[in-house]
Amino acid sequence: MKYNGQTVDLPPEAEEVAGFYGAMIDTEHAKDATFNKNFFDDFLKILKKYPPKNGVKITKFELCDFRSMFDHFEAEKTKKKSMTSAEKKTAKAAKDALEAPYTHCTLDGRKEKVGNFRVEPPGLFRGRGDHPKKGALKLRVRPEDITINIGKDVPIPTPNVPGTWKEVVNDNTVTWLANWVENVNGNYKYVFLAAGSSIKGQSDWTKFEKARELKKYVDQIRNDYNDALRNKNMGERQRATAMYFIDKLALRAGNEKGDDEADTVGCCSLRCEHVTLEPPNKLVFDFLGKDSIRYYNEVAVDEQVYKNIRIFKNGKNPEDELFDRVNTGALNRHLASYMKGLTAKVFRTYNASLTFQDLLDRGTPEKGTVQEKLNAYNHANRMVAILCNHQRAVPKTHEQSMGKMRDKLRGLKYERMKLRHALFAIDAKYKKDKRYKEPESDLDDDAIATHEDNLKAKELEKAEKKFQKDNEKAAEDGKEPQDESVLKEKLKEIEADYKRLKKERGTEKHVLKREKPTEKIEEAIDKLEEKIKTFKLQMEDREAGKEVALGTSKINYLDPRITVAWCKEHGVPVERLFSKTLMTKFPWAMEVDMDWKF
DNA sequence: TCCCATGACTCAGAAACCTGTAC
DNA sequence: CGTACAGGTTTCTGAGTCATGGG
């Protein structure tokens with residue numbers, strides 16, 4: 001790196017930290033003031049211990065230049081990319097062989113896959129949202145930091161780097177294999193078994209069975225909280241209102257958070273500023289939830305809920321707690337009084353899976369194609385993801401791919417228009433036919449001209465390419481190449497075709513290249529009509545789903561047995577919906593029969 | 001008895017990686 | 001038939017939930 005234009009000769013310990021930042025100068029993190037401050041504070045501490053060997057004094061972040069480090073990492077990436085596939089394969093095999101001893105463990109005599117067997121490498125803490133500690137240096141973890149949890153009387157594994165374990169315990173009441181305390185927030189980090197392990201599978205099954213059990217109690221719970229919405233005791237009334245939100249809106253419980261964390265909220269920790277009243281009965285929620293993801297929802301609510309929120313907000317400041325007499329502990333204890341193990345998060349699982357089952361039952365076309373059924377499935381999946389507010393960043397290529405789709409749609413409409421005009425040219429009576437009246441609204445003369453230009457350009461290019469290829473082939477076969485005039489003739493033909501099309505513009509008449517009887521044209525229009533319709537739907541779907549993440553609900557909230565049973569009932573291969581990892585995550589769900597319901 | 005820190009687990013989106021497909 | 005790249009899959013680790021236990 002450079003400082004104030006001067007090259008800095010850093011010892012490896014300091015160079016590593018500078019490199020962590022250098023690799024990130026092109027990211028959003030490097031534009032964040034908190035991130036930069038935290039990084040630089042920690043960098044200075046490291047520099048104090050490992051000062052530049054050439055005596056440069058680093059004191060100001062603004063004078064640091066990490067560009068050369070960034071370029072270095074980019075070059076490394078490019079080098080890696082440019083390896084031949086054979087080289088990549090060898091490199092991967094070598095890495096796999098090195099890691100093979102650590103990927104599995106023995107649990108009760110069975111071989112089980114370990115999830116995160118690599119310890120987290122050092123780096124800069126990538127806190128989400130306005131995390132006050134983002135950018136802080138996350139230290140390298142050494143054996144001395146790690147506690148391992150193994151069976152009694154089994155040999156103690158040797159660390160793969162020099163050092164000795166912090167501690168070796170034999171605790172069979174927990175599922176972790178190793179843990180350490182991370183230095184930035186003081187949180188525990190664990191090595192667990194993989195998602196497909198027996199332990200995780202068992203726990204997943206329990207989770208969904210618990211959610212199903214809620215079905216037996218949910219009516220009573222709803223009756224009770226609806227009554228309690230009017231309770232004279234404000235604590236009870238607040239709790240009932242909170243339960244209403246957790247149940248109807250699938251909000252998270254909302255534990256209290258500290259000052260050293262990002263300011264995010266859930267149900268119990270909502271502040272007055274997060275909910276506004278919109279007469280006569282609408283509430284507008286606007287707050288940052290888990291991962292600092294915005295929750296925005298305008299929703300019509302029960303009249304009494306609306307009144308309650310007005311009462312709870314009365315006389316309070318925006319930054320005051322909306323439910324000042326409710327906390328997650330008390331709420332969960334209340335829920336547990338209905339059913340053993342019932343907590344706020346069970347409602348999310350319950351409502352997600354039940355909604356999904358219901359949408360599938362009502363929305364799957366019995367006689368549709370597999371694709372149509374898959375569309376119904378994805379739609380149901382999306383509705384659940386929206387309910388749970390599972391978001392993603394809009395894909396970088398979204399606008400581009402929408403543009404391409406719009407072009408394609410215009411192309412289809414153009415084709416349909418030409419077919420209609422062909423009918424009109426044959427018999428003017430078709431103009432009166434309702435079916436062919438609909439004008440292509442987004443196909444004005446300009447659009448048509450552009451489209452035809454594009455088509456022409458493509459055809460010309462294609463013709464040239466074909467000509468070249470034919471000649472190459474001829475040369476290979478030892479034949480004479482075609483004369484240049486053949487190509488010229490062809491190009492001329494194309495030009496003439498488009499000249500004709502240009503003349504047709506505005507006449508509502510078209511002569512097909514190959515003559516067709518009117519029935520055939522009508523048939524073709526119908527087919528095209530269908531194609532346009534489904535394509536439009538596809539476009540709308542893509543636009544509506546650009547910010548919705550489907551994976552989270554599929555992995556965590558939707559009982560996999562719903563999917564398996566649905567697949568069996570509708571003859572859809574499960575592999576179309578579950579990736580390899582999901583297949584290994586849900587082996588316990590695969591045997592249900594087709595009429596299983598959540 | 002309550003409250004609050006601790007600990008262990010699930011759930012979350014981004015980034016890295018891989019793969020199928022359109023050209 | 002190779003290649004580029006878009007979109008799907010897997011990995012990574014941060015951010016929640018919630019039970020427990022000790023003061």
Side-chain angles (χ1 to χ4, degrees), chain A residues 23-24 27-29 77 80-81 85 88 92 115-121 123-129 131 133-134 138 147 149 171 173-176 179 181-182 184-196 199-200 203-204 206-207 246 251-258 261-262 264-269 288-293 327-333 335-336 341-349 352 385 388-393 395-398 400-401 404 458 461-462 465 542 547-557 576-585:
Chain A
M24 294 173 78
T27 66
E28 286 301 305
H29 289 299
K77 267 192 223 165
K80 219 170 149 192
K81 241 189 193 164
S85 52
K88 280 181 193 164
K92 179 150 195 315
N116 53 334
F117 61 89
R118 298 183 195 91
V119 100
E120 291 176 23
L124 303 180
F125 176 66
R126 290 152 132 92
R128 316 260 172 89
H131 196 296
K133 292 188 178 176
K134 58 171 27 178
K138 194 170 84 167
T147 301
N149 185 26
D171 186 351
T173 67
V174 294
T175 70
W176 54 268
N179 78 7
V181 176
E182 154 267 342
V184 177
N185 298 292
N187 290 331
Y188 277 82
K189 295 282 190 166
Y190 298 89
V191 174
F192 289 120
L193 292 181
I199 282 189
K200 296 281 189 198
S203 139
D204 240 20
T206 312
K207 172 178 80 182
I246 285 168
L251 297 193
R252 296 187 185 85
N255 285 311
E256 267 128 77
K257 294 190 74 183
E261 298 173 277
T264 64
V265 299
C267 185
C268 293
S269 51
L288 296 183
K290 182 178 181 178
D291 289 283
S292 294
I293 297 294
N327 64 60
T328 54
L331 181 77
N332 281 336
R333 268 195 300 283
L335 289 175
L342 183 61
T343 63
K345 86 196 247 310
V346 179
F347 278 84
R348 261 168 91 81
T349 315
C388 294
N389 199 38
H390 290 144
Q391 298 189 15
R392 61 168 178 173
K396 281 189 209 85
T397 50
H398 175 77
Q400 198 185 337
S401 76
K404 273 187 193 162
K458 258 187 212 152
E461 204 186 311
K462 216 168 141 192
K465 268 201 182 141
R542 170 158 321 197
E547 294 182 279
V548 182
L550 300 187
T552 308
S553 49
K554 212 182 210 178
I555 296 167
N556 301 301
Y557 288 100
R576 295 293 298 269
L577 296 164
F578 283 169
S579 65
K580 207 178 80 205
T581 26
L582 284 188
M583 293 296 283
T584 50
K585 179 174 155 81

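A note on names: the letters A, B, ... follow the listed sequences, proteins ahead of strands, and every chain is numbered from 1. In this text the structure is predicted, and so the values were computed from the model without any measurement.
Put simply, CG on L550(A) is 16 Å from C1' on dC11(B), counting in whole angstrom units. The distance between atom NZ of K133(A) and atom C1' of dG14(C), rounded to the nearest whole Å, is 14 Å. Atom CZ of F192(A) is separated from atom C1' of dC9(B) by 5 Å (rounded to the nearest Å). Between the C1' atom of dA8(B) and the CD1 atom of I199(A) lies a distance of 13 Å, rounded to the nearest Å. Here dC9(B) presents its C1' atom at 13 Å from CG of L193(A), a figure rounded to the nearest Å. Remark: P of dT13(C) and CZ of F117(A) are 12 Å apart, rounded to the nearest angstrom. Counting to the nearest Å, the P atom of dA12(B) and the CG atom of L288(A) are 16 Å from each other. In this structure, Y188(A) places its OH atom 13 Å from P of dC9(B), rounding to the nearest Å.
A close approach under 4.0 Å does occur between a side-chain nitrogen or oxygen of N179(A) and OP1 or OP2 of dA8(B). Checking the phosphate oxygens (OP1, OP2) of dT10(B), a side-chain nitrogen or oxygen of S203(A) falls inside 4.0 Å. At dC9(B), one or more side-chain N or O atoms of T175(A) fall inside 4.0 Å of OP1 or OP2 (strictly under the cut-off). Residue K189(A) places at least one side-chain N or O closer than 4.0 Å to OP1 or OP2 of dG14(C). A sub-4.0 Å separation between OP1 or OP2 of dA15(C) and a side-chain N or O of H131(A) is present. Not one side-chain nitrogen or oxygen of R348(A) sits closer than 4.0 Å to the OP1 or OP2 atom of dC18(C). Taking 4.0 angstrom as the limit, K345(A) places none of its side-chain polar atoms (N or O) nearer than this to OP1 or OP2 of dC9(B). OP1 or OP2 of dG13(B) has not a single side-chain nitrogen or oxygen of H390(A) nearer than 4.0 Å. Residue T552(A) places at least one side-chain N or O closer than 4.0 Å to OP1 or OP2 of dG13(B). Distances shown here put a side-chain N or O of T264(A) below 4.0 Å from the OP1 or OP2 atom of dG16(C). Between R128(A) and the phosphate of dT13(C), there is no side-chain N or O to OP1/OP2 separation shorter than 4.0 Å.
When all heavy atoms of E256(A) and N327(A) are compared, the pair lying nearest together is OE2-CB, 4.1 Å.
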Could you write out each protein N or O paired with an N or O of nucleotides 19-23 of chain C at a distance under 3.5 Å?
none

Identify all pairs in which a protein N or O lies below 3.5 Å from an N or O of nucleotides 15-17 of chain B, and state each distance.
none

Practice item. Using the side-chain contact (heavy atoms from CB on, under 4.5 Å) rule, take V174(A) and Y190(A) through it: C-alpha gap first, then chi angles, then the decisive distance, then the call. Key: CA-CA 11 Å; V174(A) 294; Y190(A) 298 89; over 6 Å; no
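Nearest nucleotide to the Y557(A) side chain, out of dA12(B), dC18(C), dC9(B): dA12(B).
Side-chain to base pairing of K290(A) with dC11(B): one donor and one acceptor N or O lie within less than 3.5 Å of each other.
Just one of L335(A), V346(A), L331(A) meets the side-chain contact (heavy atoms from CB on, under 4.5 Å) condition when paired with I246(A); it is L331(A).
Between N332(A) and T343(A), the side chains place no donor N or O within less than 3.5 Å of an acceptor N or O (distance only, hydrogens not considered).
Crowding of R392(A) atom CZ: a count of heavy atoms from other residues, nucleotides or ligands under 6.0 Å exceeding 12.
With contacts defined as side-chain heavy-atom distances shorter than 4.5 Å, the pair H131(A)/N185(A) qualifies.
Scored by the salt bridge (charged side-chain N to carboxylate O under 4.0 Å, His left out) test, K290(A) finds no partners at all (sequence neighbours excluded).
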